[in-house]
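The structure appears below as C-alpha cells.
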Amino acid sequence: MLHKAFLTSLLASGLLHSKFVIGESPTRPNVVFIVTDDQDAQWNSLDFMPQVQEHLVKKGTNYKKHYCTVSWCCPSRVSIFTGKAAHNTNVTNVQDPYGGYPQFIREGHNENWVPLWIQQAGYQTFYTGKLMNAQNITNYDEPFISGFNGSDFLLDPNTYSYMNPIFQRNHDKPIPHRNEYSTDLVKQKALGFLDDAAKDPSTPFYLTIAPIAPHSDIGFQATGGDPPFAVDVSAPISAKRHEHLFADEIIPRTPNFNPEVPSGVDWIAELPRLNAENITAADEWHRQRMRSLMAVDEMVGEVIARLERHGVLDNTYIFYSTDNGYHNGQHRLGPGKNCGFEEDINVPLVVRGPKVPKGKEVELATSHTDLGATWFKVMGIPHREDFDGAPIPLTESDIQKLSDSGKAREHVQVEYWGYTRPAESQDTDTPKYNNTYKAIRVVGQEYGFYYSVWCSSVNELYDMKADPGQMNNLFGNPGNSNTSLPNSTYAKYPTYPTEPPLVTLGNTSYPRDTLISRLDGLLLVLKTCKGKTCVSPWDTVLPGEGITTLAAAMHKQYNTYFADMPKVSFDTCLEGYLEDNEHPLWEDGMARPGQVVPKFPRAFGRSTMDLP
Ligand SMILES: *[C@@H]1O[C@H](CO)[C@@H](O)[C@H](O)[C@H]1NC(C)=O
Ligand SMILES: *[C@@H]1O[C@H](CO)[C@@H](O)[C@H](O)[C@H]1NC(C)=O
Ligand SMILES: *[C@@H]1O[C@H](CO)[C@@H](O)[C@H](O)[C@H]1NC(C)=O
Ligand SMILES: *[C@@H]1O[C@H](CO)[C@@H](O)[C@H](O)[C@H]1NC(C)=O
Ligand SMILES: *[C@@H]1O[C@H](CO)[C@@H](O)[C@H](O)[C@H]1NC(C)=O
Ligand SMILES: *[C@@H]1O[C@H](CO)[C@@H](O)[C@H](O)[C@H]1NC(C)=O
Ligand SMILES: *[C@@H]1O[C@H](CO)[C@@H](O)[C@H](O)[C@H]1NC(C)=O
Ligand SMILES: CC(=O)N[C@H]1CO[C@H](CO)[C@@H](O)[C@@H]1O
C-alpha cells in the first residue's frame, strides 16, 4: 500500500503527475519489458514465434522501424536503461576499460538510471536474466546494482552458458545451475517476480525479463596457463524439446547474402566470399537461433497467462525487443553484430497494453534511447531533460497525429567504437578489425538513407528505398584513392559510380553531394547531441529555420551554409570514446581545446546564405 505521506512527497518532488493519484486513473499501469539478446528483425525471427504472434503482434503494435543506436549488447543495454546515447553514457564496449559493469559503475550510472528512477517514483521494480557484460561472480557486489526490489541476474563468466548458468539473487551469493536450461530458469524467476508483485496489488510494478537467446553459447575452459581461460563461442543451444524444429530452415538468400560483388567499405569490402563450409555452418547457426527462441516464445505465453491470473493483464504494458540486431551471411559476414547494416541495427519492438492499437504496424523511426522516456510517460513520471529520446507514440491518435504532422522524427543516430571480427565464432587468433564509425539512418515517409563516417576516413551512403540490401555505396569508391584496398578488387567489380549520381527525395532529384552535405551537418550535431538536440537536431543544425525534415533542409538556399560546414572526422581509430579524437565538437556553439572551432551556428544568418 502506498502511504499518503509518501505520495504527497512524490508529488511535491515532481516525481509523479497528480492525475495518477487524484484523477480518474488511480492504478498506474505495470510495465513488463522482455529483452532478448541479438535477435534480428530483418529476417523476420518474430514470425517463428507463435506465442509472440498470438499475444503481442496480434494484440499490439509492431514498430517496424525500431533501431538500436549501438549494435552491441552492453553499450546498447546501458543506453536503454539510462535513456541516453552511448556517447553520453560512455559505456561503449562489453569490457574494461571502455565498457562492461565496471565502466557502468565508474560512470555513475548505478545512481542515475531508469530502474532506480522508476523505483523512486513508487514502483516495485524487478529484473531477471542478463543485465550486462562483465557483471561477474567476483564484482557483482562491488557495488550491488541499485534500483530493484527483486533481482536475479545471470553472471559472467557463465552468462552465455545455456546449460550451465550462474544466477545471483538480490544480495545473495551466486548459485551455479548445472545442466539446467538458462531460459527456463529465467522464466521461473520472472513468474516468481510476477507473484511477488501481485502480493501488493496497490503498487504497480516494472519487470524486465532478459533471456540470453538467441545469443551464441559461450563456454570457458580453464587452461591452467595464461590466459587462464579459453573462450569457446558456438551456436546457441536450444532446449532439448526444441532440438528437432526447423530442420529445413535456411537463411533467406537475399541479394546481399554472400554476394558475388564485395560490399560495404573498409575491412568488409576486403572479405573473401564465404565458402560452402561457412554457409553450411551459418545456416545451422541460424536454425539454432530459431530453436533457442522457442523457449522464449513459451515464456511469453506463460507470462501473459500469469498476468491474466493475477487480473492485471489489461493494466500492463508489455514491450518485446532485443538489445541489438544480427547479421549472418549478408555482405560476406559470418554470424555476428557490431556493423551499421540494417540487419545489425533494425530490431524488433512490439508493444501491447492499454489503448495500444491491436495488429498495427508502425513505420515511424524509433530507437532504444526512446524506451526510458516511453516508460516514464505511461507511468506518469515527468520527462527528464537528460533523456536523449522521446516517448514512442503508443495510442492510435498519437501515432496518427505524428504521422500526419509531417514532423515525425526521421533519424536514428548510430555509433560504434572498437574492434570486431567477421564472425563471432572466430577465436582470438583470427584478425580483428577497427570498426569505429558514426552513422545516421534516415527513415522518411518517401525516402530512406544510411550514411556513415568511419575512423579510417571512408564513408557509406545507401539509398534504403532503392537499395535496401545496401549493396551500392553511392558515396563512391574511396578504396581507389585513400585506403589500402587492392586495386584489383575494384577493377574486377566496378560497382561504384565514377560520376556522382543524383539522389531522389520524394519526387525531387538532387546532386548526391547536396544530400551528403546535409547528412554531414546532421551527423556533426548528432555525434555529441544531448537531450532535446538528439530528438530535434535540425533546430541546432539550422537554427531558427523551423526545419524538421531532411527534405526541407535540401533547399538550395542552404547550399553554401552546408558546403562551408566542417565535416565529422576522427584523428585515428581508437577503441573508445576519447573526445579529442573526434572532430569538430559542436556543443552549444562552444569549442574545446584541441577541437576545430565550428564556424556555425554562430556565423549563421540570412546574409551568409545563398538566397533563392
Ligand atoms: C570480474 O571483473 C573484474 C573487473 O571488475 C575482474 O577483475 C575479475 O577478474 C572478473 N572475474 C571473473 C571471474 O571474470
Ligand atoms: C521497493 O524498494 C524501495 C527502495 O528500497 C522501497 O522504498 C519500497 O518500499 C519497495 N517497495 C516494495 C513494494 O517493497
Ligand atoms: C570460413 O571457413 C574457413 C575455413 O574453411 C575459415 O577459415 C573462415 O574463418 C570462415 N569464415 C567465416 C566468416 O566464418
Ligand atoms: C587501378 O585500376 C584502374 C583500372 O581499373 C587503373 O586505371 C589504374 O591504373 C590502377 N591503379 C593502380 C595503382 O594499379
Ligand atoms: C510524389 O508523387 C506521387 C505520385 O505522383 C504523389 O502521390 C506524391 O504526393 C508526391 N510527393 C510529393 C512530396 O510531392
Ligand atoms: C586500428 O587502428 C589503429 C589506428 O589507426 C592502428 O594503430 C591499429 O593497428 C589498428 N588495429 C588493427 C587490428 O588493424
Ligand atoms: C570514456 O571512458 C574512458 C575510459 O574510462 C575515458 O578514458 C574517456 O575519457 C571517457 N570519454 C569521455 C568522453 O568522457
Ligand atoms: C576522398 C578523400 O578522402 N581524398 C583524400 C585522399 O588523400 C589525399 C592525400 O592525403 C587527400 O588530399 C584527399 O582529399
Side-chain angles (χ1 to χ4, degrees), residues 1-3 5-7 9-10 15 30 75 78 84-93 95-100 102-109 115-127 144-151 170-171 193 196-207 216 233-235 258 267-268 270-285 327-336 339 415 417-418 420-433 527-528 530 574-582 585 587 592 594-595:
M1 197 62 177
L2 271 183
H3 296 295
F6 179 56
L7 286 175
S9 76
L10 279 179
L15 278 168
N30 311 303
V78 174
K84 295 185 182 117
H87 63 253
N88 289 330
T89 67
N90 198 22
V91 177
T92 60
N93 201 300
Q95 60 191 21
D96 261 341
Y98 299 113
Q103 174 78 343
F104 172 84
I105 297 295
R106 271 196 300 273
E107 290 284 332
H109 300 306
L116 182 63
W117 294 324
I118 289 177
Q119 187 186 53
Q120 286 169 346
Y123 269 71
Q124 345 174 38
T125 52
F126 304 96
Y127 196 110
F144 282 109
I145 200 82
S146 74
F148 297 108
N149 292 82
S151 63
N170 299 331
H171 285 193
F193 284 138
D196 290 349
K199 289 178 194 146
D200 184 0
S202 62
T203 306
F205 63 86
Y206 168 67
L207 164 67
S216 56
V233 181
S234 56
N258 198 26
W267 62 273
I268 298 164
E270 290 186 78
L271 291 175
R273 253 188 130 179
L274 300 173
N275 60 32
E277 188 188 324
N278 296 145
I279 292 176
T280 303
D283 279 332
E284 179 56 16
W285 194 287
H327 57 243
N328 191 1
Q330 298 82 22
H331 305 281
R332 303 182 171 185
L333 293 154
C339 296
E415 49 198 350
W417 294 262
T420 197
R421 290 194 166 80
E424 66 168 323
S425 50
Q426 286 162 333
D427 61 35
T428 43
D429 296 336
T430 56
K432 56 184 183 179
Y433 297 103
K527 87 177 206 314
T528 47
K530 285 192 164 71
L574 297 181
E575 262 202 270
Y577 175 24
L578 302 186
E579 207 174 69
D580 286 349
N581 188 47
E582 304 179 6
L585 183 70
E587 195 187 348
R592 299 257 184 94
Q595 298 281 355

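Just so you know, these numbers come straight off a predicted model, no measurement behind them. One-based numbering, in listed order, for ligands and for the atoms of each.
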Once rounded to the nearest 0.5 Å, what's the spacing between atom [atom1] of [X] and atom [atom2] of [Y]?
X: Gln120; Y: Thr125; atom1: CD; atom2: OG1; answer: 10.0 Å
X: Glu107; Y: Tyr98; atom1: CD; atom2: OH; answer: 11.5 Å
X: Asn258; Y: His331; atom1: CG; atom2: NE2; answer: 11.5 Å

Heavy atom of the protein closest to [atom] (residue, atom name, distance):
atom: atom 10 (C) of ligand 3; value: Asn278 ND2, 2.6 Å
atom: atom 11 (N) of ligand 7; value: Tyr577 O, 2.8 Å
atom: atom 2 (O) of ligand 7; value: Asn90 ND2, 2.3 Å

> Do Val91 and Lys84 touch side chain to side chain, with heavy atoms closer than 4.5 Å?
Replying inline: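 Val91 does not reach Lys84 side chain to side chain.
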> Parallel under 30°, tilted from 30 to 60°, perpendicular over 60°: which one fits the rings of Tyr433 and Trp267?
Replying inline: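 The rings of Tyr433 and Trp267 lie parallel, inter-plane angle below 30°.
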> Which class fits the ring pair His109 and Phe104: parallel under 30°, tilted 30 to 60°, perpendicular over 60°?
Replying inline: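 The rings of His109 and Phe104 sit tilted, inter-plane angle from 30° to 60°.
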>> Side chain or backbone, does Arg332 bring an N or O within less than 3.5 Å of an N or O on ligand 3?
In response: no
>> Between Thr280 and Asn278, is the side-chain hydrogen bond (donor to acceptor under 3.5 Å, both in side chains) condition met? List the steps.
In response: CA-CA 6 Å; Thr280 303; Asn278 296 145; over 6 Å; no
> Taking it one step at a time, do Trp417 and Leu578 satisfy side chain to side chain contact (heavy atoms under 4.5 Å, CB included)?
Replying inline: CA-CA 10 Å; Trp417 294 262; Leu578 302 186; over 6 Å; no
> What part of Thr430, side chain from CB on, backbone N/CA/C/O, both or neither, has a heavy atom under 4.0 Å from ligand 3?
Replying inline: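 It is neither; nothing of Thr430 touches ligand 3.
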> Looking only at heavy atoms, is any part of Leu333 under 4.0 Å from ligand 3, and if so is it the side chain, the backbone, or both, or is it neither?
Replying inline: neither
> Mind checking whether Gly576 has a heavy atom under 4.0 Å from ligand 7?
Replying inline: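 Contact absent.
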> Who's closest to atom 14 (O) of ligand 2 heavy-atom-wise, of Asn149, Thr203, Leu116?
Replying inline: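 Among Asn149, Thr203, Leu116, the closest heavy atom to atom 14 (O) of ligand 2 belongs to Asn149.
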> What are the atoms of ligand 3, with element, lying closer than 4.0 Å to any heavy atom of Leu274?
Replying inline: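 Within the 4.0 Å cut-off of Leu274, ligand 3 contributes 13 (C).
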> If you count the atoms of ligand 3 from 1 in the order shown, which ones are under 4.0 Å from a heavy atom of Gln426?
Replying inline: 9 (O), 11 (N), 12 (C), 13 (C), 14 (O)
> Got an N/O contact under 3.5 Å between Gln103 and ligand 7?
Replying inline: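 In this structure, Gln103 places an N or O atom under 3.5 Å from an N or O of ligand 7.
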>> Does any N or O of ligand 7 fall below 3.5 Å from an N or O anywhere on Arg106, backbone included?
In response: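 No, there is no polar N/O contact under 3.5 Å.
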> Taking atom types as modelled and ignoring hydrogens, do the side chains of Thr92 and Asn90 form a donor-acceptor contact shorter than 3.5 angstrom?
Replying inline: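 Distance-only check fails for Thr92 and Asn90.
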>> Could you check whether Glu424 and Trp285, counting side-chain N and O atoms only, form a donor-acceptor pair closer than 3.5 Å?
In response: no
>> Below a 4.0 angstrom heavy-atom separation, can you tell me which part of His87, side chain or backbone, both or neither, approaches ligand 7?
In response: neither
> Does ligand 7 have a heavy atom under 4.0 Å from the side chain of Leu578, from its backbone, from both, or from neither?
Replying inline: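 Side chain only; the backbone of Leu578 stays clear of ligand 7.
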> If you count the atoms of ligand 2 from 1 in the order shown, which ones are under 4.0 Å from a heavy atom of Asp200?
Replying inline: 13 (C)
> Any idea which atoms of ligand 2 are less than 4.0 Å away from a heavy-atom of Gln119?
Replying inline: 1 (C), 2 (O), 3 (C), 4 (C)
> Given the protein's heavy atoms, is any one of them under 4.0 Å from atom 7 (O) of ligand 3?
Replying inline: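 So atom 7 (O) of ligand 3 lacks protein heavy-atom neighbours under 4.0 Å.
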> Step by step, would you call Tyr127 with Phe148 a ring pair (Phe, Tyr, Trp, His ring centres under 6.0 Å)?
Replying inline: CA-CA 7 Å; Tyr127 196 110; Phe148 297 108; 5.5 Å; yes
